[in-house]
Novice: 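Questions regarding the structure given below will be posed in turn.
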Amino acid sequence: MKLVWFRRDLRVKDNIALTEACKSGEPVMAIYYETPIQWKSHGMAPIQADLIRRRLMVLQQDLEALNIPLLFRTVNTFSDINPSLAQLCQQYQIADIYCIRDHELDEVNRDNSIAGLLSLTSTKLNVFDYKCIFPPGSVINGAGNIYRVFTPFKKAWIARLQRENVAPIGTPEPVQINATVQALLKQPSSIEFHYHQDDSVGWPIDDNTIIQRMRDFCRYRVEQYEASRDFPAIPATSQLSPYLAIGAISPRQCLARLFSENQNCLDKSGGGAHVWLSELIWREFYQHITASYPDISKGKGFQSWTDSITWNGDELQFARWKQGRTGFPIVDAAMRQLNETGWMHNRLRMIVASFLVKDLHIDWRWGEKYFMSKLIDGDFAANNGGWQWSASVGTDAQPYFRVFNPTAQSKKFDPNVRFIRRWLKELESVPDEALHEPYRWAEKQGIDLAYPRPIVDHKAARETAISMFEMAKSQQNTQRAES
DNA sequence: GTGTAGTTGTC
DNA sequence: ACAACTACA
C-alpha cells in the first residue's frame, strides 16, 4: 500500500507525489492532517483554513474517482503527526509515503523528524521538490550561490526555462483497489475542522472554475495586466494567489497556460504576460530565499544591520493601523478591504506596509504577522519577502531612504478615488478632489468628520524613519571598524 | 579588478 | 539629485 500525504498541494493535476504513488500499480490511500495549534502559532488566517477545508472536500471527490480514499485527522501540532502517521503506516502496511516539500523551517523540521522516525521502520518517506518550478538551491549564480537580487535571478530562471521541460503532469489513471481501500472508500467523509473558520465562499474552489479563471486571465485579461494592475479600483490582477497558496493550482499549470496563450511572455515583448510571469518568478524567488536561509523563518531581517533598529512599540497606533483608522484614506481603505474580505490588492500591501514601518516606525514583523492572520492567500515566503522588501530589511530590498508618500501614492494609483470611496463610507459627503486629504477640506469647511485626522505628520515621520536606519547603519560601520 | 545595475519613489 | 552599497557577470 502507498500513502500520499497532502499538505500545501491540494490537487490531483500536476501533483508529482500523487503521480509517483500511482505509478507503483499498488493500491493507494491519502491523508491530510489538520494541525490547529500549529496553525495558530503560525497565525494562519481563519478564512484560509476555510478555503483549505472546502478544497479538501473537492479533493476527496477527485481522489475517489481514482479509487483513492482521503483520510482526515486532527492533531495539535506538527510533532503530533509523528505517532499518528507511524500508527497509520503500521495499520495499513504502508511501504511508501509520498509528499511535496514545503520550505519553511517548521515544515522542514516536521519532515526531517518524521523521516527519522520512519527510518527505523519499513516505511520510506519520499519527499519531492515540486512547490517551485525549479527546486530551491538549483538556480545559482557563477559563484555557485543562490541569487539575492531579483533581476539576475529572473534572468537565470528564464534561461533555464528555455533548456528544461517544465510541462505540468496530468491526473494519474485510477489505481487498483483492494478490500481495505474498498472499505475506506465506503466510509462517510470525516473532514471536519477544529480550527476557527471564516467564510471563504466568495472564492470558488472546484477545479473547473479555478482552471477556467486561470485560462480566462491568461487569454483575455493578461494583456491589460501591465497597464492596470497598479490601480486597486480595477480588478486587473489574476486573483489566483489563494489557490497557489494552498496548492489548488501549481505554478507549472500557471506557466503552461500563460505560455500557450502568449508565446512571447519570456521577454519584454510579451507585455502584460511577461509582467505576470515576473510575478510567478517573484514567488519562486522568495521560496528559494526561505529555503536557503532558515533565519528568515525565525523572524530575522535579511540585512542583519537592521536588527539594531529600535521600533516603536505603540500598541494604540498599531491598533489604528489594523482597524484602518489612521486618517490616511488610502491606508484605511486598504486595511478595511483586508479586514472585510481577507484579500488586499498588491499595490496597497506596499502602501500600508510602508506606512506601518516608515510612518509609524512599528516593527515590520507585527505587520507581517497581522497580514498572515487575515490573508486568504497567506504564504509565509511571499508575505515575509514582501514585508522585508517594504521595510528595507530584506534581500534586494528597496533602499531605506526611499519612503512611500501615502498621499502621493493615493493620487497616483487611485486618481478618481473610486477605491477609497468604496471602503470609507463615512467620507461620503467629501467631494472627490478632497478625498485624498479629507481633513484639509473639512477644516476649511468647518465640518467635523466622523473620520480621524492623520495620526502622524508624514514629512516628519519620513525623516525620523530615515534617521533610524542611518543610526543602525552607522552602528554597523562602527562595529566593522572595530573588528 | 571593473563595470553595470538594482520592481514598484520622492523632493 | 538623492546616497552609497552590494550583487553579479
Side-chain angles (χ1 to χ4, degrees), chain A residues 139-160 225-232 234 236-237 267-268 270-286 288-289 292-293 301-306 328 330-331 334 344-355 357-359 382-383 385-415 436 457-481:
Chain A
V139 180
I140 47 174
N141 61 28
N145 300 317
I146 77 153
Y147 286 96
R148 301 194 288 191
V149 172
F150 175 71
T151 305
F153 174 84
K154 176 180 159 184
K155 279 188 189 146
W157 192 96
I158 290 176
R160 193 162 159 199
Y225 183 72
E226 187 173 17
S228 305
R229 68 181 186 132
D230 265 326
F231 299 93
I234 304 173
T237 61
D267 60 74
K268 286 226 159 60
H274 182 67
V275 176
W276 194 65
L277 174 65
S278 294
E279 299 303 324
L280 290 176
I281 303 173
W282 271 104
R283 177 185 174 280
E284 305 255 321
F285 180 58
Y286 285 138
H288 287 213
I289 296 284
S292 294
Y293 297 90
F302 196 87
Q303 304 292 338
S304 56
W305 61 271
T306 62
F328 289 84
I330 193 73
V331 173
M344 192 196 287
H345 188 280
N346 186 54
R347 166 58 51 181
L348 301 173
R349 295 188 199 200
M350 290 189 279
I351 294 174
V352 303
S354 177
F355 187 81
V357 175
K358 307 278 175 79
D359 283 272
N383 187 51
W387 272 95
Q388 293 218 32
W389 184 86
S390 287
S392 305
V393 302
T395 55
D396 199 27
Q398 74 165 341
Y400 65 83
F401 47 80
R402 202 180 268 178
V403 176
F404 279 27
N405 179 325
T407 310
Q409 289 281 320
S410 179
K411 288 175 178 165
K412 193 168 175 190
F413 297 114
D414 193 24
H436 299 292
D457 172 46
H458 171 70
K459 196 163 178 281
R462 173 180 185 275
E463 280 164 16
T464 304
I466 291 173
S467 69
M468 283 165 72
F469 277 86
E470 275 169 352
M471 260 168 63
K473 191 117 204 168
S474 73
Q475 270 185 34
Q476 175 214 30
N477 291 338
T478 314
Q479 278 165 15
R480 265 195 194 159

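Values in this document were obtained by computation on a predicted structure and should not be read as measured data. By convention in this document, chain letters (A, B, ...) are assigned in the order of the sequence lines, proteins followed by strands, and residues within each chain are numbered from 1.
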Novice: Counting side-chain heavy atoms from CB outward, which of C:dC5, B:dG6, B:dG9 is closest to A:K473?
Specialist: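 In terms of side-chain proximity for A:K473, the closest of C:dC5, B:dG6, B:dG9 is C:dC5.
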Novice: When you measure from the side chain of A:V149, which nucleotide among B:dT8, B:dT10, B:dT7 comes out closest?
Specialist: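 Closest of the options to the side chain of A:V149: B:dT7.
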Novice: Out of curiosity, A:T407 OG1 to A:I330 CD1, how far, rounded to the nearest 0.5 Å?
Specialist: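 If we round to the nearest 0.5 Å, A:T407:OG1 and A:I330:CD1 are 10.0 Å apart.
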Novice: Tell me the interatomic distance from A:K412, atom NZ, to B:dC11, atom C1', rounded to whole angstroms.
Specialist: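 Result: 13 Å.
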Novice: Could you check how far CZ of A:F285 sits from P of B:dG6, rounded to whole Å?
Specialist: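 Atom-to-atom, A:F285 to B:dG6, this comes out as 13 Å.
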Novice: Please tell me which of the listed nucleotides, B:dC11, B:dT8, B:dG6, lies nearest to the side chain of A:H458?
Specialist: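 Of all the options, the side chain of A:H458 is nearest to B:dC11.
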Novice: Would you tell me if any nitrogen or oxygen in the side chain of A:Q398 comes within less than 4.0 Å of OP1 or OP2 on B:dG6?
Specialist: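 Answer is no, no contact under 4.0 Å.
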Novice: Specify the separation, in whole Å, of atom CD1 of A:I140 and atom P of C:dC8.
Specialist: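 Rounded to whole Å, this separation is 12 Å.
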Novice: In whole angstrom, give me the gap between the P atoms of C:dA3 and B:dA5.
Specialist: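 Rounded to whole Å, the distance is 23 Å.
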Novice: Establish, with yes or no, whether the OP1 or OP2 oxygen of B:dC11 is under 4.0 angstrom from a side-chain nitrogen or oxygen of A:N405.
Specialist: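 Affirmative; the distance criterion is met.
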Novice: Suppose you measure atom P in B:dT4 against the same atom in C:dA4; what distance do you get, rounded to whole Å?
Specialist: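 Rounded to whole Å, the distance is 22 Å.
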Novice: Spell out yes or no: do the side chain of A:W282 and the base of B:dT7 have one donor N/O and one acceptor N/O closer than 3.5 Å?
Specialist: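 Per atom types, the contact qualifies.
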Novice: How many angstroms lie between CD in A:E279 and OH in A:Y225, if you round to the nearest 0.5 Å?
Specialist: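 Answer rounded to 0.5 Å: 4.0 Å.
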Novice: For the side chain of A:N141, counting heavy atoms from C-beta on, which of C:dA9, B:dT7, B:dT8 is nearest?
Specialist: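 Nearest listed nucleotide: C:dA9.
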Novice: From CZ of A:F469 over to C1' of C:dC2, roughly how many Å is that when rounded to an integer?
Specialist: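 From A:F469 CZ to C:dC2 C1': 17 Å.
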Novice: Once ring pair (Phe, Tyr, Trp, His ring centres under 6.0 Å) is applied, do any residues pair with A:Y286, and if so which ones, sequence neighbours excluded?
Specialist: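 For A:Y286 the ring pair (Phe, Tyr, Trp, His ring centres under 6.0 Å) partners, ignoring immediate neighbours, are A:W282.
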Novice: Using the P atom in both, what is the distance from C:dC8 to B:dT7, to the nearest Å?
Specialist: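 These two P atoms come out 11 Å apart once rounded.
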Novice: Less than 6.0 angstrom separating the ring centers of A:F153 and A:H288, yes or no?
Specialist: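 Ring centres of A:H288 and A:F153 closer than 6.0 Å.
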Novice: Suppose you measure atom C1' in B:dG6 against the same atom in C:dC2; what distance do you get, rounded to whole Å?
Specialist: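 Looking at atom C1' only, B:dG6 and C:dC2 are 15 Å apart.
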Novice: Please determine if a side-chain N or O atom of A:Y147 lies less than 4.0 Å away from the OP1 or OP2 oxygen of C:dA9.
Specialist: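 Yes, A:Y147 has a side-chain N/O under 4.0 Å of OP1/OP2 on C:dA9.
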Novice: Measure CG/A:D396 against P/C:dC5 and give the value in whole Å, please.
Specialist: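 Atom-to-atom, A:D396 to C:dC5, this comes out as 17 Å.
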Novice: Write down the partner of B:dT8 under the Watson-Crick or G-U wobble criteria, each distance required to be under 3.5 Å.
Specialist: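 The answer is none; no pair meets the criterion.
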Novice: Between atom CD in A:Q409 and atom C1' in B:dT8, what is the gap in whole Å?
Specialist: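 A:Q409 atom CD is separated from B:dT8 atom C1' by 8 Å.
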Novice: To the nearest Å, how far apart are A:F401 CZ and C:dC5 P?
Specialist: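 Taking atom P of C:dC5 as the reference, CZ of A:F401 is at 10 Å.
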Novice: Taking pairing as Watson-Crick or G-U wobble with both contacts under 3.5 Å, can you name the mate of C:dA3, or confirm there isn't one?
Specialist: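 C:dA3 is unpaired by these criteria.
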Novice: Of the options A:F285, A:F150, A:Y293, A:Y147, which is the one that meets A:T395 in a side chain to side chain contact (heavy atoms under 4.5 Å, CB included)?
Specialist: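 Single pass found, and it is A:F285.
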Novice: Under 4.0 Å: is that the gap between some side-chain N or O of A:R402 and OP1 or OP2 of B:dT10?
Specialist: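 No.
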Novice: What is the separation between atom CD1 on A:I146 and atom C1' on C:dC8, rounded to the nearest whole Å?
Specialist: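 After rounding, the gap between these two atoms is 14 Å.
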Novice: Using Watson-Crick or G-U wobble geometry with both distances below 3.5 Å, tell me the partner of C:dA9, or none.
Specialist: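 Base partner found: B:dT2.
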Novice: Using a heavy-atom cut-off of 4.0 Å across all strands, would you classify A:E279 as base, sugar-phosphate, or nothing?
Specialist: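 Base: the residue A:E279, judged by heavy atoms under 4.0 Å, touches a nucleobase.
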Novice: Applying the side chain to side chain contact (heavy atoms under 4.5 Å, CB included) criterion to A:K154, which one of A:V149, A:L277, A:I281 satisfies it?
Specialist: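 The side chain to side chain contact (heavy atoms under 4.5 Å, CB included) with A:K154 is passed solely by A:I281 among A:V149, A:L277, A:I281.
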